[in-house]
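Chain letters run A, B, ... following the sequence lines, proteins first and then strands; every chain starts at 1.
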Amino acid sequence: RKEVEQDPGPFNVPEGATVAFNCTYSNSASQSFFWYRQDCRKEPKLLMSVYSSGNEDGRFTAQLNRASQYISLLIRDSKLSDSATYLCVVKGGYQKVTFGTGTKLQVIP
Amino acid sequence: GAVVSQHPSWVICKSGTSVKIECRSLDFQATTMFWYRQFPKQSLMLMATSNEGSKATYEQGVEKDKFLINHASLTLSTLTVTSAHPEDSSFYICSARAKRKETQYFGPGTRLLVL
């Protein structure tokens with residue numbers, strides 16, 4: 001089993017739609033969780049950290065479920081500019097950071 | 001947010017040559033820098049972690065004699081791909097993290113094409 005798993009997609013959604021991605025992780029001792037966004041042929045950029053209580057930043061909501069070992073990202077009112085690959089990142093012991101393979105989102109006009 | 005630069009952004013070289021990539025944190029001190037490689041349609045793969053002033057820690061399967069990493073200062077790390085071959089062609093991305101901080105800030109990446 002991979003350390004961090006994501007559905008590669010692509011998720012094709014119309015503008016204005018709500019879309020959610022999940023990411024599962026195998027190491028129960030993982031400490032920190034993040035969502036990064038990567039545009040085609042560019043470097044990843046931090047979208048948001050994921051806190052145990054869940055957190056929201058504008059149209060983006062991130063949740064953590066430690067019992068089931070997954071994190072989620074919800075995007076409301078999708079914009080064309082949200083089209084990108086969303087990377088789930090998990091930090092474990094010894095500062096080790098593992099990236100998921102990413103979920104590709106395509107928002108369609 | 002913090003700024004990390006990489007140079008060069010593009011490299012095309014002949015097989016057998018060595019290529020040096022620089023990674024700089026421009027507005028913060030990066031006690032830890034990471035080097036990743038990303039092949040097309042694949043995820044970032046960590047190659048090595050370097051702490052300023054000490055030897056880099058390489059991930060399993062990454063040849064330390066082929067990918068030389070130097071982190072001589074709190075703002076600069078270099079990756080040298082020695083005797084590059086076509087299979088080394090990839091997107092190399094560095095990231096930097098400040099002391100006692102969790103967030104990694106990524107450089108814009110370097111595309112290496114070995115002919």
**OP:** With a 4.5 Å heavy-atom cut-off (strictly below), which parts of residues 100-109 of chain A touch chain B? List them by number.
**Re:** A/G100, A/T101

Subject >> Toward chain B: residues of residues 43-70 of chain A with heavy atoms under 4.5 Å >> reply: A/E43, A/P44, A/L46

Original post:
Would the number of heavy atoms belonging to other residues, nucleotides or ligands and lying under 6.0 Å from NE2 of B/H85 be above 12?
Top reply: yes

Establish whether [X] and [Y] are linked, either directly or via other cluster members, by ILVMFWY side-chain heavy-atom contacts under 4.5 Å.
X: B/I93; Y: B/W10; answer: no
X: B/L46; Y: A/L87; answer: yes
X: A/F33; Y: A/W35; answer: yes
X: B/L68; Y: B/I21; answer: no
X: B/Y92; Y: B/Y58; answer: yes

Subject >> Option in B/M45, B/R111, B/E59 with maximal non-hydrogen atom pairs under 4.5 Å from chain A >> reply: B/R111

Subject >> chain B contact via A/Q38 - side chain, backbone, both or neither, heavy atoms under 4.5 Å >> reply: side chain

**OP:** Side chain from CB out, backbone as N, CA, C, O: work out which of these in A/F99 comes under 4.5 Å of a heavy atom of chain B, or both, or neither.
**Re:** both

Subject >> Under 4.5 Å from any heavy atom of chain A - which part of B/F106 >> reply: both

Subject >> Proximity breakdown for B/Q38 and chain A, heavy-atom pairs closer than 4.5 Å >> reply: side chain

Subject >> Partners passing side chain to side chain donor-acceptor pair (under 3.5 Å) against B/E22 (at least two apart in sequence or in another chain) >> reply: B/R24

Original post:
With B/S83, which residues qualify under side chain to side chain donor-acceptor pair (under 3.5 Å), at least two apart?
Top reply: none

Original post:
What is the distance from atom CD of B/Q104 to atom NZ of A/K91, rounded to the nearest 0.5 Å?
Top reply: 9.0 Å

Subject >> Side chains of A/Y36 and B/L44 in contact at under 4.5 Å (non-hydrogen atoms) >> reply: no

